[in-house]
Amino acid sequence: MVAGVCYGVVANNLPSASDVVQLYKSKGITGMRIYFPDGNALRALSGSNIKLIIDVGNDQLANLAASASNAAAWVKANIQAYQGLTIKYITVGNEVSGGDTQLILPAMKNVNSALSNVGLGGIKVSTAVQSGVTAGFPPSRGTFSASHMPPIAQYLASTGAPLLANIYPYFSYKGDTTNIRLDYALFTAPGTVVHDGVSGKDYQNLFDALVDTMYSALESAGAGSVGIVVSESGWPSAGDPVATAGNAQTYNQNLIDHVGKGTPKRPGTIETYIFAMFNENNKTGLETEKHFGLFNPDKSPAYPIRF
């Protein structure tokens, strides 16, 4: 059972926001991540009971880091202005890189204060990272290779918020096809592929290994109490020899069926959001970026999937 699906809108042919919300409800999808406070989506979501992750947008980091009053104004315009929403997390930065990483923590602190000051302290503030912020193998040896991460991890421990992590076995596989087996990435390996000789844990799929590497990094930063929400995971269905509808269906269906079990290090449900709801034709970069959707813009399934 997954928690939700990411609703990206980098396309010129998608259904209206109200139609999208109805599609989520008709498929029994109970959670959504949006990548900026999209007024059309937030109005359509009112009263839907769909649980939300709302990103501030990376273009807002400098503004939010600059002052508490900027954060208060952002919260007023983008959170308080909408009624009838169930907001779980606000994501301050998505896979931020370069010098902007220094803006994440001050922006998080300002947004947290702004929410608390208007009685919305129940909304947890975090940031979303990708596996590149960690290093180490096997999973029990995971550490943060990015120097901005330990202070963020320690701050999350102090607020009780989880770390949001975008976990993509597809990209790990593509980055090292010599050493990573496709079945390990697709949840189809028949048995143990990686034995962690330090922890004694056995890994049959790469998703668990990536998540547990992130958990080990949190522990190494003195933030072992911080949970992980998988804020994106998915597999493209076109644009590359292993990006097929069959592999995308296999990965996402196995992900849905797997996340209720947890990882070897942390058994229990992993709150997970699939990327993405729709194929997005205006995405830039590799051709595969346009083909992560569970659905086509006409709302037909890109391939069959059971939620």
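Any value given below was found using the heavy atoms of this structure, including those in side chains, with hydrogens, waters and symmetry copies removed. In this chain, numbering begins with 1 at the start of the sequence shown.
- Minimum interatomic distance between Glu289 and Phe171 (heavy atoms only, all atoms of both residues): OE2-CZ, 3.6 Å.
- A salt bridge between Arg266 and Asp212 is absent, with no side-chain N of the basic residue lying under 4.0 Å from a carboxylate O of the acidic one.
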Report task. Could you go through the side-chain contact (heavy atoms from CB on, under 4.5 Å) check for Ile79 and Leu120 one step at a time? Result -> CA-CA 9 Å; Ile79 306 300; Leu120 294 174; 3.9 Å; yes
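- Residues Asn247 and Thr250 have side chains that never bring a donor and an acceptor to within less than 3.5 angstrom of each other.
- Proximity of Asp183 to Asn205: side-chain heavy atoms (C-beta onward) are nowhere separated by under 4.5 Å.
- No donor-acceptor pair closer than 3.5 Å links the side chain of Gln204 to the backbone N or O of Val193.
- A salt bridge is defined here as a Lys NZ or Arg NE, NH1 or NH2 lying under 4.0 Å from an Asp or Glu carboxylate O, and Glu271 with Lys51 fails to meet this definition.
- Phe292 and Leu286 are not part of a single hydrophobic cluster, where members link through side-chain heavy atoms under 4.5 Å apart.
- At least one donor-acceptor pair under 3.5 Å links the side chain of Tyr24 to the backbone N or O of Val5.
- Residues Lys265 and Ser199 have side chains not in contact (no heavy-atom distance under 4.5 Å, counting atoms from C-beta outward).
- Ion pairing between a basic and an acidic side chain is recognised when a charged N comes within 4.0 Å of a carboxylate O; Glu232 and Arg33 show such pairing.
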Report task. Under the side-chain contact (heavy atoms from CB on, under 4.5 Å) rule, what do Ile256 and Thr272 come out as? Steps first, then yes or no, please. Result -> CA-CA 8 Å; Ile256 290 167; Thr272 300; over 6 Å; no
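- Across every non-hydrogen atom of Ser147 and Pro151, the tightest pair is O-CD, 3.7 Å.
- Inter-residue side-chain proximity for Lys27 and Arg306 is flagged as unmet; no heavy-atom pair is nearer than 4.5 Å.
- A continuous path of hydrophobic side-chain contacts links Leu218 to Ile167 [ILVMFWY only; heavy atoms under 4.5 Å].
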Report task. Could you give me the CA-CA distance, side-chain angles and deciding distance for Thr213 and Ser131, then say whether side-chain contact (heavy atoms from CB on, under 4.5 Å) is met? Result -> CA-CA 9 Å; Thr213 300; Ser131 293; over 6 Å; no
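- The pair Asp196-Arg141 does not meet the salt-bridge criterion, since no charged nitrogen lies less than 4.0 angstrom from a carboxylate oxygen.
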Report task. Could you give me the CA-CA distance, side-chain angles and deciding distance for Tyr303 and Asn252, then say whether side chain to side chain donor-acceptor pair (under 3.5 Å) is met? Result -> CA-CA 10 Å; Tyr303 42 83; Asn252 282 324; 2.8 Å; yes
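- The two residues Gly200 and His195 come nearest to each other via the heavy atoms O-CE1, 3.7 Å.
- Rounded to the nearest 0.5 Å, atoms CG (Leu186) and CG (Leu255) are 11.5 Å apart.
- Ring geometry, Tyr168 versus Phe275: the interplanar angle exceeds 60°, so the pair is classed perpendicular (tilted spans 30 to 60°).
- In this structure, Leu156 CG and Ser126 OG are separated by 4.5 Å, a value rounded to the nearest 0.5 Å.
- The hydrophobic cluster containing Met214 also contains Phe137, counting ILVMFWY residues as joined when their side-chain heavy atoms lie under 4.5 angstrom apart, directly or transitively.
- Counting heavy atoms from C-beta on, the side chains of Met32 and Tyr273 never come closer than 4.5 Å.
- Distance OG/Ser46 to CG/Leu85: 6.0 Å, rounded to 0.5 Å.
- Of all heavy-atom pairs spanning Ala161 and Lys124, the tightest one is CB-CB, 3.9 Å.
- Val133 and Met149 get closest at one heavy-atom pair: CB-CG, 3.9 Å.
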Report task. For Asn254 and Asp257, run side chain to side chain donor-acceptor pair (under 3.5 Å): C-alpha distance rounded to whole Å, both residues' side-chain angles, the deciding distance at 0.1 Å, then the answer. Result -> CA-CA 5 Å; Asn254 285 336; Asp257 296 342; over 6 Å; no
**Report entry** CA sep, side-chain torsions, deciding dist, call: Ser231, Tyr89, side chain to side chain donor-acceptor pair (under 3.5 Å)
**Finding:** CA-CA 10 Å; Ser231 45; Tyr89 311 115; over 6 Å; no
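- Looking at Glu219, its side chain never comes within 3.5 Å of a backbone N or O of Gly224 through a donor-acceptor pair.
- Contact of the Lys174 side chain with the Asp240 side chain is registered, since non-hydrogen atoms from C-beta on lie closer than 4.5 Å.
- A donor-acceptor contact closer than 3.5 angstrom is absent between the side chains of Asp19 and Gln22.
- Considering CG of Asn63 and CG of Asn70, their distance stands at 4.5 Å, rounded to 0.5 Å.
- Atoms OG1 and CG, on Thr86 and Leu45 in that order, are 9.0 Å from each other to the nearest 0.5 Å.
- For the atom pair CG (Asp208) and OG1 (Thr263), the distance works out to 5.5 Å, reported to the nearest 0.5 Å.
- Of the N and O atoms on the side chains of Asn279 and His291, not one donor lies less than 3.5 Å from an acceptor on the other residue.
- Side-chain rings of Tyr251 and Phe187 approach one another, their centers coming within less than 6.0 Å.
- Ser48 contributes a side-chain N or O that, together with a main-chain N or O of Ile50, makes up a donor-acceptor pair within less than 3.5 Å.
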Query - side-chain contact (heavy atoms from CB on, under 4.5 Å) evaluation trace for Val75 with Val118 - result: CA-CA 9 Å; Val75 166; Val118 294; 4.2 Å; yes
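- Proximity of a side-chain donor or acceptor of Gln130 to a complementary backbone N or O of Gly132 within less than 3.5 Å is detected.
- By the 4.5 Å heavy-atom criterion applied to side chains, Ile87 and Tyr82 are not counted as neighbours.
- Hydrophobic clustering (side-chain heavy atoms under 4.5 Å, transitive across Ile, Leu, Val, Met, Phe, Trp, Tyr) groups Val226 together with Met108.
- The two atoms that bring Asn296 and Pro301 nearest to each other are ND2-O, 3.5 Å, heavy atoms only.
- Side-chain contact check for Asp55 versus Gln60: every heavy-atom pair is 4.5 Å or farther apart.
- At a threshold of 4.5 Å between side-chain heavy atoms, the hydrophobic network of Ile, Leu, Val, Met, Phe, Trp and Tyr places Val229 and Ile104 in two separate groups.
- Side-chain atoms of Asn94 and Asn166 form a donor-acceptor pair, as typed in the model, at a separation below 3.5 Å.
- Proximity of Val56 to Leu64: side-chain heavy atoms (C-beta onward) are separated by under 4.5 Å at one or more points.
- Side chains of Asp100 and Asn58: no donor on one and acceptor on the other come within 3.5 Å.
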